[in-house]
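Input: a single structure, listed below in structure tokens.
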Amino acid sequence: MYKSQDAPQQNDGMTKIKIEEAIGTRLAHDITEIRPGEFKGPSFRRGHQVQEQDVCHLMRLGKRHLYVLDLKEGQVHEDDAVMELAEALAGPGVSFGNDPKEGKLQFTAAYDGLLKVNTRALVEFNLVPDVMCAAMHNNVPVTRGQKVAGTRAIPLVIKREALNRAVAIAQDQAPIFSIKTYHRKKIRLLITGSEVYDGLIEDRFEAIVKKKLTAFGASLLETVILPDDAERIAATVQQFSETDTDMIVTTGGMSVDPDDVTRHGIRQAGVDTLYYGSGVLPGAMFLVGELRGPKGRLPILGVPACALFHATTVLDLVLPRVLAGEEFDRNKIAELGHGGFCQNCVDGCRFPVCGFGRGS
């Protein structure tokens, strides 16, 4: 029985009572406390039984009334709702906790890999009233334990109808989020250029490629240096394809000079597909091809000279996706143009914490 003569007020699945009358009741939701520069988070958690000594603290937080949960049919509490949302949103390699705070849950990567986001489905999900989900960009390399997305039910009490719609979208178009592992591990490198082959200049490509591969757990098994000779390039590419190789990388000979014959040699090796040119700067003269090897499809990446002078190029956008097993065609390469203009930041490269490559 309430001490007040006034009847408790109903409010969307909750009963509103005065703070002085709340002793002994249990909180229907987390109560947030903000101390600028010190703390922001739940000062009292859902289910906490209000004690006499809590009243002053709650009043300092601006609370003059509290709400007792009084759910009707078709109503779901925010914490229960967000668990359903998270279970529907999370795909392979994406994990989340079972202790929502203020109706929110965050997703983390269960292992190193490439974050995949079904962007169209995410938009459709966010069009449902009273739910939301935010994520990192699609095709971003992530590491184990890294936070990649978050979701919440926006009101304290959500209608079952809206919740079911959101869950259905996530389930029907699953996975909304997933992590793809890097399974192409054995890489061989072909460096072309008569000036390097003859020892007139020292090669710098091998160290660059090796560093980028190592970041994704791949190994550079072999490096061969050849002159600008299309037939020898073709023979070496074919030889690589007959070994235990997951991917071939070539460097040099990608420009329009008559003696830049690397792409011609790759074509002579009997590739099934070859795409030359990309919508990315730096990296317009990039090459993506594939031929058949003992393991099936064997990708070939042709890296232009810009990789010697820029810390981040088209290679950084394509490499993790290929290592994760993705295939590229002309459309995918063209899509890289959205976000494919590097700012060449004068105060140092911040990639991947920047917009480069984040439009595709």
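Numbering of residues begins at 1 and proceeds along the displayed sequence.
Between the side chain of Thr313 and the backbone N or O of Cys306, no donor-acceptor pair lies under 3.5 Å. At least one donor-acceptor pair under 3.5 Å links the side chain of Asp229 to the backbone N or O of Glu231. In this structure, Asp329 contributes its side chain and Lys332 its backbone to a donor-acceptor pair below 3.5 Å. The main-chain N or O of Met247 is never found under 3.5 Å from a side-chain atom of Arg184 such that the two would form a donor-acceptor pair. Judged purely by atom type and a 3.5 angstrom limit, Thr243 uses its side chain to pair as donor or acceptor with the backbone of Phe240. For the pair Thr245 (side chain) and Ser241 (backbone), a donor-acceptor distance under 3.5 Å is absent. Listed for the His310 side chain is no donor-acceptor partner under 3.5 Å among the backbone atoms of Thr312. Asp54 places a side-chain N or O within donor-acceptor distance of the main-chain N or O of Gln51, the cut-off being under 3.5 Å. Here the side chain of Gln173 pairs no donor or acceptor atom with the backbone of Ala170 at under 3.5 angstrom.
Judged by the 6.0 Å and 45° rule, Arg330 forms no cation-pi pair with Tyr275.
In terms of heavy atoms, Ile187 sits closest to Ala218 at CG1-CB, 4.0 Å. Nearest heavy-atom pair across Leu89 and Cys133 is CD1-SG, 3.8 Å. Nearest approach of Ala305 to Phe205, heavy atoms of both residues: CA-CZ, 3.9 Å.
Around the CD atom of Gln53, the shell of radius 6.0 Å holds more than 12 heavy atoms that belong to other residues, nucleotides or ligands.
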For a side-chain contact (heavy atoms from CB on, under 4.5 Å) check, start with the C-alpha distance between Met254 and Thr192, then their side-chain angles and the critical distance, and finish with the verdict.
CA-CA 10 Å; Met254 287 292 159; Thr192 66; over 6 Å; no
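Taking the six-membered ring for Trp, Phe177 and Phe107 have ring centres closer than 6.0 Å.
The closest side-chain heavy-atom distance from Ile233 to Thr236 is not below 4.5 Å.
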